[in-house]
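Report on the structure given below.
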Amino acid sequence: MKFPIALSCLLLASAAAFNPSSTTTSRHARSDRSTAISMSGVTRNPNFAKLAGGYLFPEIGRRRTAYIADNPDMADRIISLGIGDTTQPIPEHILGGLVSSAAKLGTKEGYSGYGAEQGMAVLRAKIADKLYGGIIKDSEVFVSDGAKCDIMRIQQVFGPGVTTAVQDPSYPVYVDTSVMMGQTGNINPDTKQYENIVYMPCTAENDFFPDIENIPRADIVYFCSPNNPTGAAATKEQLERLVKVCKERGSILVFDAAYAPFIRTEGVPKSIFEIEGAREVALECNSFSKYAGFTGVRLGWTVVPDELTFADGSKVRDDFNRVMTTAFNGASNIVQGGGLACLDDEGLAEINTLIDYYLENAKLLKEAMESIGYKVYGGTDAPYVFVRLPDGKSSWDAFTEILEKAQVVTIPGAGFGPGGDGYLRLSAFAPRDTVIEACGRLKKAMA
C-alpha cells in the first residue's frame, strides 16, 4: 500500500518517538547545539576595544541599581541630581505644536511623509532668525535629532586621520566618539588620557578656560560653553582668543552651545558666531533638549557656515550635508512642529520660564554647598553646580559615600576626564521639592 507523503512522515516520526536510541541521539544532539559557542568570522573593530569601561551615565545607572538591589528599602528615597535630564512638563504652547503636528498626519490635507534631511525650510529659517538674529543663513542650519547625535556625524565628516583637542573635564561624547572613529591610540593607565588627544586643562585656577595659546595644536577643537560639567560660561574676550588661535593654526572649532539659553550674564556670548572671524573656523551644535524639555522628544541643529573649508578649499558644509542625506532621513515631522512652536513668541516666553525655574534650583544647590564650606562653581549661567571636594578626596568615593549616606545620586567629576577628579557635578534639573530635600540631605551628609 502506498501512503501519502505527509502520512508517511507522520508514521516515521511516531516510530522514532518510540525508538529509545533515536530519542537519546536526538537529545544529545540538542544538548550539543545548546552548549556550542557560535562565533562569526568578523573581526571586532579594534577601536571599541580601546574604550575604557562603559559610557559614564549608564555606569551611574548601574551603580544606582546595584545600591537599590542591596538596599531595597531605600528605593523610594533615591533623589537624582545626576544625569542632566529635564523633569518639568512641556509647556502648553509648545505642546500644542507637537499635538497639532501629530493631528495633521491623520488628515488627507495635512499628511506628510519624508521631508528634507536638512529639516523643514520654515524651521531652519526660524532658527536663523529667532535664535541667531540673522547672523547665519537658513541654508547653514541642519535640523537633527539632537546635538549628541550630531557630534558623531561631525566625527564621520572628519574621519580617523585628525587630532582632537577637548576641555578637561568635558562631556564624554567628544572623547569616546574620537576613540570610536580611530583617531586615538590607547589610554594611558597612569594619566587616564588617550594618546593623540590634546587635553586642555580647565581648572578653578584658570577660571575653567584653557591656556589655549600654549597648548599643542589639534586639527579639531571641541569647546562647550556654558560648560558641562563645570558650569563655566566663556566671556567674549576668551572666545575671541579661542577663535584667533584656531584661525592662526588652521584648526576647526566645534562649538557646543546646548546650554546657551541659561546664560543670564550681560555680554556673555550665546553663540560662537557672535565672535568676529568665527564663520571661517567654527561650526556650532545646539539642541532643544534643555530649552524646552525635549530630552525625550529629540530635536537639535548644527550650523555649518559656508566660509568653513578644508585644506583643499572644499566646504565642510557640503560633506556634512552628504552625511545627513546619506545616513539620516530627517527629524520627525511631529517634532519639528514642536520646534516651530518653541520659536513663536509664546514658546520663547515659556522657555524662559523653564530656564528660570532650573536656574533657581541651581542657586539653591550652590547656596546649600557654600553654607557648609565647599567651594562651588557654575550654577549662574548654567544648570550645573561643580563642587570642589577636600584635597585628596576621590570623586567616585564621594559619589558612593553620598549615595549611601543621603541616597542622593550625583555625578563624579572624574567621569568627565581626569581633570574632573576632586569635584562633583550636581544637576539642577530635578523638581523643586526634590532639590530642597536634596539640599537638606547633602548638608547633613557632607558637613
Is the shortest side-chain N to carboxylate O distance from Glu248 to Lys244 below 4.0 Å? yes
May I have the step-by-step check of side chain to side chain contact (heavy atoms under 4.5 Å, CB included) for Arg317 and Leu283, ending in yes or no? CA-CA 9 Å; Arg317 180 196 176 283; Leu283 57 83; over 6 Å; no
More than 12 non-hydrogen atoms from neighbouring residues, nucleotides or ligands closer than 6.0 Å to CG on Asp70, yes or no? yes
Walk me through whether Glu437 and Arg441 qualify under salt bridge (Lys or Arg N to Asp or Glu O under 4.0 Å). CA-CA 6 Å; Glu437 172 67 19; Arg441 293 191 200 176; 3.0 Å; yes
Side-chain donor-acceptor pair under 3.5 Å between Asn196 and Thr163, yes or no? no
Name of the residue among Ile79, Ile60, Ile83, Leu81 meeting side chain to side chain contact (heavy atoms under 4.5 Å, CB included) with Val409: Ile60
So Phe399 and Trp396, would you call those rings parallel, tilted or perpendicular, with 30° and 60° as cut-offs? perpendicular
Do Asn321 and Gln118 have side-chain atoms, one donor and one acceptor, less than 3.5 Å apart? yes
Within the supplied structure, the quantity of interest is the number of heavy atoms (other residues, nucleotides, ligands) at a distance under 6.0 Å from Lys104 NZ; does it exceed 12? no
Charged tip of Arg432 within 45° of Tyr357 ring normal and under 6.0 Å: yes
Are the aromatic rings of Tyr374 and Tyr423 close, with centres under 6.0 Å apart? no
Give the intermediate values and the outcome of salt bridge (Lys or Arg N to Asp or Glu O under 4.0 Å) for residues Asp345 and Lys130. CA-CA 9 Å; Asp345 290 342; Lys130 293 282 191 172; 2.9 Å; yes
My understanding is that only one of Phe429, Tyr291, Tyr259, Tyr384 makes a ring-ring contact (aromatic ring centres under 6.0 Å, His included) with Tyr358; could you say which? Phe429
Is Arg425 positioned over the aromatic face of Phe416, cation under 6.0 angstrom from the ring centre and no more than 45 degrees off axis? no
Under the criterion salt bridge (Lys or Arg N to Asp or Glu O under 4.0 Å), I'd like the reasoning laid out for Lys192 against Asp168: C-alpha separation, chi angles, the key distance, then a yes or no. CA-CA 11 Å; Lys192 296 181 173 61; Asp168 183 23; over 6 Å; no
Flag if over 12 foreign heavy atoms under 6.0 Å of NZ, Lys50: yes
Is the count of non-hydrogen atoms from other residues, nucleotides or ligands lying under 6.0 Å from Arg77 atom CZ greater than 12? yes
Candidate pair Thr164 and Tyr194, rule side chain to side chain contact (heavy atoms under 4.5 Å, CB included), full reasoning: CA-CA 11 Å; Thr164 292; Tyr194 284 95; over 6 Å; no
Glu205, CD atom: more than 12 neighbouring heavy atoms under 6.0 Å: yes
Check the side chains of Tyr132 and Glu140 for a donor-acceptor pair under 3.5 angstrom, ignoring hydrogens and angles. no
Heavy-atom distance under 4.5 Å between the side chains of Gln336 and Ser101, does that happen here? no
Does the cation-pi check pass for Arg124 over Phe142, that is, NZ or CZ under 6.0 Å from the six-membered ring centre and within 45° of its axis? yes
Looking only at side chains, do Ser178 and Thr184 share a donor and an acceptor under 3.5 Å apart? no
